[in-house]
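All remarks here apply to the structure that follows.
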2 protein chains.
Amino acid sequence: MVQFVHPSRDDITLTGVLEALSDPMRLRIVRALVAQQGCLSCTEAAPCPDMAKSTLSNHFRILRQAGLVMTSKKGVEHRNVIRLDDIEARFPGLLKMILGFYDAENQG
Amino acid sequence: MVQFVHPSRDDITLTGVLEALSDPMRLRIVRALVAQQGCLSCTEAAPCPDMAKSTLSNHFRILRQAGLVMTSKKGVEHRNVIRLDDIEARFPGLLKMILGFYDAENQG
DNA sequence: TCCGTAGTTCGATATTATTGAACTATTGAA
DNA sequence: TTCAATAGTTCAATAATATCGAACTACGGA
C-alpha cells in the first residue's frame with residue numbers, strides 16, 4: 001500500500017518551492033494542474049511519452065515533498081491536485097506570478 | 001586572463017533564474033548583493049569559511065550564467081553586481097517578491 | 001622579485017537524476 | 001475466480017551534477 005507524505009502548510013519552504021519549480025518538466029506539470037483546477041493523473045498532467053515513468057514518478061515525489069502537489073489514490077490512478085490555498089497562504093502571489101512569466105515565455 | 005560571459009537581457013530564462021535562486025547559498029548571495037546596491041567581492045557576498053572557494057566560485061558562475069549577477073575584475077578581486085534592471089525588465093517584481101519571502105523566512 | 005590575496009580551473013569523489021526492470025494495486029473481462 | 005491490462009512505485013545501475021582540495025593565474029604591495 002502506497003502512502004504519500006505531504007508536508008503541512010507551514011513546512012513549505014521557499015527554496016523547496018523554487019527548487020521544485022526550477023525544473024521545466026515540473027513547472028509544466030504545475031502549470032497543467034493550475035489550469036485544470038481539479039485532479040489530473042500523473043500521465044495526464046505530463047503527457048510525455050519520451051520520459052521514463054520512473055522519472056515522472058520522481059518528479060511528482062519532489063512536487064509532493066515541496067508541498068506543491070497533493071496526491072491521493074483513486075482506483076488504478078493517482079489524483080494530483082495543486083495545493084493552491086496552502087501555497088498562497090505561505091507565499092502570496094508567488095505561484096501566480098511565476099506561472100504568468102511561464103505563459104509569457106511559452107508563446108503567451 | 002579570465003573573461004566572463006554574461007547572457008544578454010533577453011536570454012535570461014525563467015527556469016534559469018529559479019534554478020539559480022533555488023540554492024540557499026546563492027539566494028543568500030543575491031540577497032546580499034541587492035541589500036548592498038553596489039559591488040561586492042565574492043567573499044564579501046558570501047562570508048562562508050566552511051565552504052571551499054572552488055564551490056563558491058561555481059555558485060557565482062551559475063549566478064552569472066542565469067543572468068542574475070554581473071562580474072568584472074578590478075584589481076585582485078572580482079566585483080559582483082546584481083543585474084537589477086535586466087531582471088526587472090525580464091521578470092517584473094519577481095526578484096523583489098522572492099527576496100521578500102526570503103527575509104520573512106529568515107527572522108524577518 | 002617575492003609573497004600574499006582573490007578567484008578560477010582541474011581531477012577526483014560524493015551526491016543526485018534518469019533509466020529500465022521488477023513489483024504492487026486496482027480494474028475489467030473471460 | 002483467474003487472467004491480462006493499466007498506473008504508478010521501488011530498486012539497482014548508470015549518467016549527470018556538485019563539492020572538494022590542490023594547483024594555477026592574475027594582480028598588488030613590500
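Residue numbers begin at 1 in each chain, while the letters A, B, ... track the order of the sequences.
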Self-check item: Partners passing side chain to side chain contact (heavy atoms under 4.5 Å, CB included) against B:E44 (at least two apart in sequence or in another chain)
Solution: B:L40, B:S41
Self-check item: salt bridge (charged side-chain N to carboxylate O under 4.0 Å, His left out) contacts touching residues 68-81 of chain B (sequence neighbours left out)
Solution: B:E77-B:R79
Quiz item: Run the side chain to side chain contact (heavy atoms under 4.5 Å, CB included) check on A:E19 and A:T13 step by step: do they pass?
Solution: CA-CA 10 Å; A:E19 152 87 61; A:T13 66; over 6 Å; no
Exercise. Taking ring pair (Phe, Tyr, Trp, His ring centres under 6.0 Å) as the test, write out the residues that go with A:F101, two or more places apart.
Key: B:F91
Quiz item: Under the ring pair (Phe, Tyr, Trp, His ring centres under 6.0 Å) test, which residues partner B:H78, sequence neighbours left out?
Solution: B:F4
Atom [atom1] of [X] and atom [atom2] of [N]: how far apart are they, to the nearest Å?
| X | N | atom1 | atom2 | answer |
| --- | --- | --- | --- | --- |
| A:R79 | D:dG8 | CZ | P | 10 Å |
| A:E44 | D:dA7 | CD | P | 9 Å |
| B:E77 | C:dT5 | CD | C1' | 9 Å |
| B:L40 | C:dG7 | CG | P | 10 Å |
| A:H78 | C:dT27 | NE2 | P | 12 Å |

Set of residues satisfying salt bridge (charged side-chain N to carboxylate O under 4.0 Å, His left out) with respect to [X], sequence neighbours excluded:
| X | value |
| --- | --- |
| A:R90 | B:E105 |
| A:R28 | none |
| A:R83 | A:D86 |

Give a yes or no on whether [X] and [Y] share a hydrophobic cluster (residues Ile, Leu, Val, Met, Phe, Trp, Tyr; joining criterion: side-chain heavy atoms under 4.5 Å apart).
| X | Y | answer |
| --- | --- | --- |
| B:L33 | B:M70 | no |
| A:M97 | B:L84 | yes |
| B:L94 | A:V34 | yes |
| B:L95 | B:V81 | no |

Anything under 3.5 Å between a protein N or O and an N or O of nucleotides 27-30 of chain D, put it in a table, one pair a line.
none

Exercise. State whether B:S57 places a side-chain N or O below 4.0 Å from either non-bridging phosphate oxygen (OP1 or OP2) of C:dG7.
Key: no
Show me the protein contacts with nucleotides 12-14 of chain C, counting only N or O atoms at under 3.5 Å.
none

Quiz prompt | Summary of protein contacts for nucleotides 16-23 of chain D, nucleotide by nucleotide, where a base hit scores B, a sugar-phosphate-only hit scores S (4.0 Å, heavy atoms) | solution = ---SBBB-
Side-chain donor-acceptor pairs under 3.5 Å in residues 45-63 of chain B, sequence neighbours left out?
unit_1	atom_1	unit_2	atom_2	d
B:N58	OD1	B:R61	NE	3.1
B:N58	OD1	B:R61	NH2	2.3
B:H59	ND1	B:R26	NH1	3.0
B:R61	NH1	B:Q65	OE1	3.2

Exercise. To the nearest 10°, let me know how far the axis at one end of the helix from C:dT1-D:dA30 to C:dA30-D:dT1 is tilted from the axis at the other, five pairs an end.
Key: 0°
